Amino acid sequence: MSNIPYKLFFSALGNDTRLKIVMALRKKQKNVSQLTKEIGYDQTTVSHGLQKLMKYGFVFMEKRGKERYY
């Protein structure tokens, strides 16, 4: 039995920033600026966290004009 799915799951959500992003997005879709204000991290940190969460399928992105909502 492979433990890889569990490792990916817990490594993705084991980070405080990424966990806060997921919790903030449970309420409604937000863009990076909205997430930055809500969780209190800088834009680069939030963007990197979103990239990792998207890679593992926790978050999906939707483009609306020039904005990207997660």
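Computation of the quantities below employed the complete heavy-atom set of this structure, encompassing side-chain atoms and omitting hydrogens, waters and symmetry-equivalent molecules. Just so it is clear, the structure is predicted and the values come from calculations on it, not from any experiment.
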Practice task
Apply side-chain contact (heavy atoms from CB on, under 4.5 Å) to the pair R68 and E62, showing each step before the final yes or no.
Solution key: CA-CA 6 Å; R68 295 174 185 209; E62 176 185 331; over 6 Å; no
Applying side chain to side chain donor-acceptor pair (under 3.5 Å) to Y41 and not counting sequence neighbours gives D16
The ring pair (Phe, Tyr, Trp, His ring centres under 6.0 Å) partners of F58 (sequence neighbours excluded) come to F9
Could you tell me if the side chain of [Y] sits less than 4.5 Å from the side chain of [X], heavy atoms only?
{"X": "V32", "Y": "L35", "answer": "no"}
{"X": "L50", "Y": "L25", "answer": "yes"}
{"X": "M61", "Y": "M54", "answer": "yes"}

In Å, rounded to the nearest 0.5 Å, how long is the span from [atom1] of [X] to [atom2] of [Y]?
{"X": "Q34", "Y": "Y70", "atom1": "CD", "atom2": "OH", "value": "12.0 Å"}
{"X": "L13", "Y": "M23", "atom1": "CG", "atom2": "CE", "value": "10.0 Å"}
{"X": "N31", "Y": "K37", "atom1": "CG", "atom2": "NZ", "value": "9.0 Å"}
{"X": "H48", "Y": "T17", "atom1": "NE2", "atom2": "OG1", "value": "11.5 Å"}

| task | Output yes when a side-chain donor or acceptor of K30 lies under 3.5 Å from a complementary backbone atom of A24, and no otherwise. | result |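 Side chain of K30 to backbone of A24, a donor-acceptor pair under 3.5 Å: yes, one is there.
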Is there a continuous path of hydrophobic side-chain contacts, each under 4.5 Å between heavy atoms, that joins F60 to Y56?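 In one cluster: no.
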Between I21 and L53 the two heavy atoms that sit nearest each other are CG2-CD1, 3.7 Å
Are more than 12 heavy atoms, taken from residues, nucleotides or ligands other than R64, located less than 6.0 Å from that residue's CZ atom?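 Count over threshold, so yes.
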Verdict with reasoning, T36 to T44, per side-chain contact (heavy atoms from CB on, under 4.5 Å):
CA-CA 9 Å; T36 300; T44 303; over 6 Å; no
